[in-house]
Amino acid sequence: EKASTVLDKIKPEKKGKVKNVTRTEFRQSPPTPFDLTTLQTEAYRTHGISPSHTMEMAQSLYLDGAISYPRTSSQQLPPAIGYEKIIQDISKQENYVTECGMLLKRSKLLPNNGEKTDPAHPAIYPTGTIPTLKGREQMVYDLIVRRFLATFGDPAVRATVKIEIDVKGETFSAKGTTTKEKG
């Protein structure tokens, strides 16, 4: 009822007055490595692949030697896995040449590890072995490779603008965020 009252009040109005504009800039850290849950969530969000199918495909990729053990709750990549060697091996795959080249130019590779750990297994990562992929496995593999590479990226610089507009005594707000530097 309240919304209808406000709408009736402002409906004939064609203009409003900007009351306030707030601009903020922040640094967004690179993503953390995949654990099984975040891989399943991302596969569903980006490709509509169910968690059970994602698990099946990850298990298949693991058995083919293309990724590490997928049933992990860790979001940490230990140095012992050999970041540089894996990135060099991934760079032999056409889809990842540019990203790998940028990372291999760095003097130091440090992933943005998450807080969750699993004493038995590290986060999910590509091994560098080039897999033979079928169907939607390519999508899951691509998510894993790109997330692995992204964890070594720089923070992004993002800007948020919030605008408050007065229309006949009623305040409306709009908010938007843009990326200034991809990181």
Side-chain angles (χ1 to χ4, degrees), residues 26-158 160 177-179 181-183:
F26 63 97
R27 295 170 66 82
Q28 183 175 353
S29 296
T32 58
F34 277 137
D35 59 6
L36 179 57
T37 303
T38 54
L39 171 61
Q40 289 171 315
T41 302
E42 192 69 6
Y44 185 76
R45 186 184 73 78
T46 59
H47 301 299
I49 302 172
S50 72
S52 61
H53 282 109
T54 299
M55 182 63 238
E56 287 173 23
M57 289 182 264
Q59 185 67 26
S60 177
L61 289 166
Y62 167 67
L63 293 174
D64 287 347
I67 66 168
S68 63
Y69 187 68
R71 290 186 171 111
T72 181
S73 58
S74 179
Q75 293 178 319
Q76 302 211 354
L77 296 169
I81 67 171
Y83 311 138
E84 188 171 343
K85 170 83 168 87
I86 292 171
I87 295 170
Q88 285 172 344
D89 290 345
I90 292 170
S91 73
K92 296 172 186 164
Q93 298 174 56
E94 188 179 326
N95 293 346
Y96 312 110
V97 172
T98 303
E99 294 86 347
C100 290
M102 289 176 7
L103 292 174
L104 290 170
K105 289 178 185 173
R106 294 178 175 217
S107 60
K108 197 170 189 180
L109 291 168
L110 290 172
N112 181 37
N113 284 327
E115 293 184 14
K116 296 187 337 188
T117 62
D118 180 339
H121 303 284
I124 301 169
Y125 64 91
T127 62
T129 301
I130 300 174
T132 303
L133 301 168
K134 47 192 177 289
R136 297 174 96 185
E137 269 187 356
Q138 173 64 45
M139 294 176 185
V140 173
Y141 178 74
D142 187 63
L143 282 175
I144 293 167
V145 171
R146 291 190 185 283
R147 174 62 66 99
F148 173 77
L149 297 174
T151 64
F152 296 96
D154 294 325
V157 177
R158 316 256 348 250
T160 299
T177 301
T178 57
T179 302
E181 293 176 34
K182 288 185 178 184

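Keep in mind the model is a prediction, meaning the values are calculated, not measured.
- Closest heavy-atom contact between P51 and Q40: O-NE2, 3.0 Å.
- Taking CZ from R136 and OG from S50, the interatomic distance works out to 7.5 Å, rounded to the nearest 0.5 Å.
- In this structure a side-chain-to-backbone donor-acceptor pair under 3.5 Å is missing from R147 to D142.
- Inter-residue side-chain proximity for L149 and I87 is flagged as met; some heavy-atom pair is nearer than 4.5 Å.
- How far CD1 of I86 is from OG of S91: 12.5 Å, rounded to the nearest 0.5 Å.
- Within the 4.5 Å cutoff, the side chain of P70 has no heavy atoms near those of the L61 side chain.
- The shortest non-hydrogen separation linking P33 to A123 is CB-CB, 3.4 Å.
- Looking at heavy atoms from C-beta onward, P126 lies in side-chain contact with I90 at the 4.5 angstrom threshold.
- Residues S74 and T117 bring no donor and acceptor atom of their side chains to less than 3.5 Å of each other.
- Residue pairs meeting the ring-ring contact (aromatic ring centres under 6.0 Å, His included) criterion with at least one member in residues 50-95, sequence neighbours excluded: Y62-Y69, Y69-H121, Y83-F152.
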Show your reasoning for whether side chain to side chain contact (heavy atoms under 4.5 Å, CB included) applies to I49 and Y44. CA-CA 5 Å; I49 302 172; Y44 185 76; 6.0 Å; no

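- A salt bridge is defined here as a Lys NZ or Arg NE, NH1 or NH2 lying under 4.0 Å from an Asp or Glu carboxylate O, and E99 with R146 meets this definition.
- Side-chain N or O atoms of S60 include none that pairs as donor or acceptor with a backbone N or O of E56 at under 3.5 Å.
- Rounding to the nearest 0.5 Å gives a distance of 5.0 Å between CG of N112 and OG of S29.
- Remark: T37 OG1 to E42 CD distance equals 13.0 Å, nearest 0.5 Å.
- For the pair R158 and F26, the cation-pi criterion (under 6.0 Å, within 45° of the ring axis) is not fulfilled.
- The aromatic rings of Y125 and F148 sit tilted, their planes meeting at an angle between 30° and 60°.
- A distance of 10.5 Å separates CZ in R71 from CD1 in I124, rounded to the nearest 0.5 Å.
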Please test Q75 against T38 for side-chain hydrogen bond (donor to acceptor under 3.5 Å, both in side chains), starting from the C-alpha separation and ending with a verdict. CA-CA 9 Å; Q75 293 178 319; T38 54; 4.6 Å; no

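- Side chain of D89 to main chain of T129: no donor-acceptor pair is present (N/O by atom type, distance under 3.5 Å, no hydrogens or angles).
- Taking a cutoff of 4.0 Å between a charged side-chain nitrogen and a carboxylate oxygen, R106 and D154 qualify as a salt bridge.
- Looking at heavy atoms from C-beta onward, L39 lies in side-chain contact with T54 at the 4.5 angstrom threshold.
- With D118 contributing its side chain and A120 its backbone, the two residues share a donor-acceptor pair below 3.5 Å.
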Side chain to side chain contact (heavy atoms under 4.5 Å, CB included) between T151 and L77, worked out: CA-CA 9 Å; T151 64; L77 296 169; 4.0 Å; yes

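- Using a 4.5 Å heavy-atom cutoff, the side chains of V157 and T179 are not in contact.
- Interatomic distance, OG1 of T72 versus NZ of K116, reported as 9.0 Å (0.5 Å rounding).
- Heavy atoms of other residues, nucleotides or ligands lying less than 6.0 angstrom from CD of E84 number 12 at most.
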